[in-house]
Amino acid sequence: MSERKLPMAGTSDGAGAGAVEPAGTASSGGVGSGSDASSVRLVGTLAVAGALAGLAIVLVFQWAQPRIEIYQAKVLAEAVTEVLGGPERYETIFLEDGAFTAAPRGDTASMDRVYVGYGADGGAVGIAVAAAEPGFQDVIRVLFGYDPATGNVLGMKVLESKETPGLGDKIEKDSVFVAAFSGVASPIVGVKKGQGSGLDAEVVMITGATISSRAVIDIINHRLEAIGEAMTAYWASRPLPEGEEGS
Amino acid sequence: MKATTPRQDLVRGIWKENPVLIQLLGLCPALAVTNSVENSLAMGLATFFVLLGSSVLVSLLKKWIPKEVRISAYILIIATFVTIADLVLNAVVPEIHKALGAFIALIVVNCMILGRQEAFASKYPVGRAVLDAAGTGAGFLIALVIMGSVRELLGNGSFLGVPVFGPDFEPWIIMILPPGGFFTLGFILLGFGWWKERKAQQVRPRRWPHGVTTEVEEAA
């Protein structure tokens, strides 16, 4: 019964298309073989088309995926370098059963992880930690360096944000705000411009971007609340490089 | 209705039937991602690629696509090209891919692309379908770049990231925010409409100033 209706739909579509596309002759009507198409043929056509489309996408995916991963690793490496002040190399450690370890027993894919940076002399210089929480528009992802020995934040870099251009996105671009995270004590206290009292833990928030600034500070504080102790414990018991007698 | 020459197939989409400025199709990306010239170019090129690829396939396969399921088949073809464009952009220009976000995936539902399949590619041989798709895609690209240029110049004082007005220029931040998209499109359409009306009056002074639709029919 539907086959009786569909050709009419086709014709009216042709006329509708003619209004948009004057060069197209409405009389040429629909496409394809006519009205005698069986359901099997309809389903079969779409199934074959779907399979071919899937194949094409898989081929492109296989080409693209390694490149995407290389790029992501590069972005991460640059960010770790930046927030730890240029370490010689870094190592990923995983949170397993409440403690950080460089050699986890389980599957690492679902584990929380941080990046320990090592200086030229082989000593650890700090830990880079990724964290994300909602900002003003959408989730803000940051990476920050942390020194468990002193409890200071070493640096901060925004990895991803959709904050308002010209206002909230200053959390990435405002060099004074970004620099304020180098060497600030934790937990960080956000203060408004001109209202600071000179404490080590103070970061002056950006005028016009208070919510985004506050979000960055909260993201770091919350993350340190959650895994700060585990990082300190790892730091105290970490394998020391040869020839070094603790720090 | 007269038959069209290949040149008309190509040029039609760029000017007389520009998808954004005349047909008012594909306005969602035109408003959303034109906050810089770079983003406009990337969006325009991605859409161009999808439109061209889809039109070629639809035109080649038109005999095998039963008309009862043609829309599903077109969407399947378009979605395949969009996914490919999405992956390629992510692999080759990841920064731009990040800036365009979800709007790449949303090319699938750009009515301009489906419109060209239904109205043109499914009825004409592949050569003409390519010309039509290239023209329409170029028209879309041009419209986006015009909007992106205006918004980036005023909203950021730069063109393709290069500062133009010097350090004393205070950017009109609103131009790179969503309202700036509406302002820009509004003024461009106003200018376009005024120009068309003037032209129509020059040709035929007593002509009913009805605007877009009449003009498009006239153009064919």
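Worth saying up front: this structure is predicted, and the values here are computed from it rather than measured. Residue numbers start from 1 in every chain, and the chains themselves are labelled A, B, ... in the order their sequence lines are given, proteins ahead of strands.
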dist A:Phe61:CZ -> B:Asn90:CG (nearest 0.5 Å) comes out at 10.0 Å

Rounding to 0.5 Å, atoms CG (A:Leu52) and OG1 (B:Thr80) come to a distance of 9.0 Å

**Report entry** Enclosure of B:Phe192 CZ (heavy-atom neighbours >12, cutoff 6.0 Å)
**Finding:** yes

Q.
Take a 6.0 Å sphere around CZ of A:Phe136 and say whether it holds more than 12 heavy atoms from other residues, nucleotides or ligands.
A. no

To the nearest 0.5 Å, atom CZ of B:Arg70 lies from atom CG of A:Leu42 at 12.0 Å

Between the CG atom in A:Leu59 and the CD1 atom in B:Ile84, the distance rounded to the nearest 0.5 Å is 9.0 Å

Margin query: Are B:Glu95 and A:Tyr71 packed together at the side-chain level, in the sense that at least one heavy-atom pair is separated by less than 4.5 angstrom?
Written below: yes

With chain B, the option among A:Leu46, A:Val75, A:Thr45 that has the most non-hydrogen atom pairs under 4.5 Å is A:Leu46

Point to revise | Greater than 12 external heavy atoms within 6.0 Å of A:Glu133's CD | key: yes

Ordered numerically, the heavy-atom neighbours of chain B under 4.5 Å found in residues 209-217 of chain A are none

Side chains of B:Val88 and A:Trp63, heavy atoms from C-beta outward: is any pair under 4.5 Å? yes

